[in-house]
Amino acid sequence: MPPIEVELKDRAYPVITGAGRVKRLSALLRNHAPEGRVFVFYDARFYALHGSTVHKALKLPSERLFELTLPPGEKTKSLTQARKIYDILLGEKMTRSDFILACGGGVTGDLVGFIAATLLRGIPWAVVPTTLLAMVDAAVGGKTGVNHRRGKNLIGAFWQPKFVLGDLHFLHTLPFRQIVCGLGEIVKYAGLTGNKMLLQLKEYLRNGDFYNERFLAHLIESSLNYKAGLVTADERDESKRRFLNFGHTFAHAIENAAGYGRLLHGEAVILGTAAAVETGILLKPESEKYFREYRVIIEDMIKLVPRRRLDLKKIMGSMTWDKKRKKGTSRFVLLSRPGQPFIVDNPDKKVIKAALIKTLTKYQSGGGQYA
Ligand code: GLY
């Protein structure tokens, strides 16, 4: 697929995705880091599988290359870990002519991007997303950050990368649950964009090979085109970019209620998307006819989510703590039909509860079929 441009004037950058694209790494680095050192941070699990491929593609002499692995998992996205890396990089006398490269999923990208944003008031950086979720969502748009004990991503900065380079070959070694996580964001994009993506998703699900590069490439391209447009229009998440939170107010509450780590973020997004669709229909019953196809797709997706005990009361209670609450406002992105998102603040609690009951009923009868 051709590169997708995030058009942010002097901070514009390409998102390059495709099979075997990692080979372009050395040319990109020649352009963006012609002289300085390149500090590469790998997710340790990814490094064990593909570290040597990336290392070869860098084509850098050892005196210009510094490589480090990071423990996988959400715990790595912490100020403690950031401090350790600051110590290492300052010990190496890093300067602003050096370059940082993050190779991994959302955790690696968010943490390493945050270090790039804050060290010496900003070091140029780039991302090689290695999970489906990072390829379609997390690696694009410059959101970086770490977690605080009061919540996820509460400390962070917007810091756009110089390029994003995703190689579809890396997806073949992802555990199935990680593919499902990416599908959570993809099903979100399908709702936000409408017809074309619904068709792509339907074909992908019908084909049944969840690792098929051709189908995944189409879904990734459609998601990225949409996201690049929103980031260009609203880099700092003050208006339209908020549509990307479709399904997420529910998802954060579901993740929390399940107990952190028991359901992965993308899995919760599948359930959150289902609940957001039902909320939209409850608020605008005349729209139900537009959701026939999307509902079927979502039901198929729900089957991919591992079965966990989810308590309605707990989910409702967790909603109060959602990060997107603004001065006591509970904000939901909903659809009046696929392709037409709108934002509602403080919808009737009874409607939210009814939408959750519908979703949990479907999940309890169909979820966990692949787990
Ligand atoms: N993942 C949502 C955003 O980048 O705004």
Side-chain angles (χ1 to χ4, degrees), residues 4-8 11-15 17 74 77 102 104-114 116-117 125-127 129-147 151-161 163-164 166 178 180-193 197 219-255 264-273 276 322-326 331-335 341-343:
I4 291 166
E5 279 294 313
V6 180
E7 287 165 14
L8 290 169
R11 286 166 301 110
Y13 59 93
V15 183
T17 314
E74 196 68 31
K77 242 177 84 172
V107 166
T108 310
D110 283 5
L111 170 74
V112 173
F114 177 69
W125 77 300
V127 203
T130 62
T131 64
L132 184 57
L133 190 144
M135 277 185 207
V136 293
D137 195 63
V140 179
K143 278 189 182 174
T144 74
V146 294
N147 301 329
K152 284 168 83 173
N153 300 324
L154 292 181
I155 303 164
F158 287 94
W159 187 237
Q160 300 296 342
F163 61 85
V164 178
Q178 288 296 330
V180 174
C181 277
L183 292 178
E185 297 294 345
I186 286 173
V187 81
K188 167 189 93 175
Y189 282 111
L192 290 169
T193 61
M197 259 197 101
L219 291 166
I220 294 169
E221 185 176 24
S222 301
S223 304
L224 289 176
N225 269 323
Y226 185 77
K227 178 155 189 181
L230 289 193
V231 172
T232 300
D234 173 27
E235 182 184 4
R236 296 185 68 85
D237 208 3
E238 286 158 347
S239 57
K240 275 183 163 181
R241 184 168 174 172
R242 291 188 181 149
F243 289 157
L244 297 176
N245 291 323
F246 172 50
H248 280 58
T249 308
F250 284 109
H252 292 143
I254 290 169
E255 254 182 294
L264 304 176
H265 176 66
E267 293 166 342
V269 171
I270 294 177
L271 302 179
T273 303
D322 188 84
K323 172 168 75 77
K324 307 229 158 38
R325 278 171 59 94
K326 207 176 172 188
R331 175 162 287 160
F332 290 81
V333 180
L334 307 174
L335 300 178
F342 66 99
I343 292 177

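Indexing begins at 1, ligand by ligand and atom by atom, following the structure's order. FYI, the numbering just counts along the sequence from 1.
- V333 pairs in a side-chain contact (heavy atoms from CB on, under 4.5 Å) with only one of the listed residues (T249, L244, I343), which is I343.
- Between the CG atom of D237 and the CG atom of N245 there is a distance of 6.0 Å, given to the nearest 0.5 Å.
- Panel note: side chain R241, backbone G141; a donor-acceptor pair is recorded below 3.5 Å.
- Of the polar atoms of R241, at least one N or O is found under 3.5 Å from an N or O of ligand 1, judged by distance alone.
- Between D137 and ligand 1, a contact under 3.5 Å exists for at least one N or O pair.
- Ring pair Y189/Y226 is perpendicular by interplanar angle, where above 60° counts as perpendicular and below 30° as parallel.
- If you check each of K227, R242, E235 against atom 4 (O) of ligand 1, the one with the closest non-hydrogen atom is K227.
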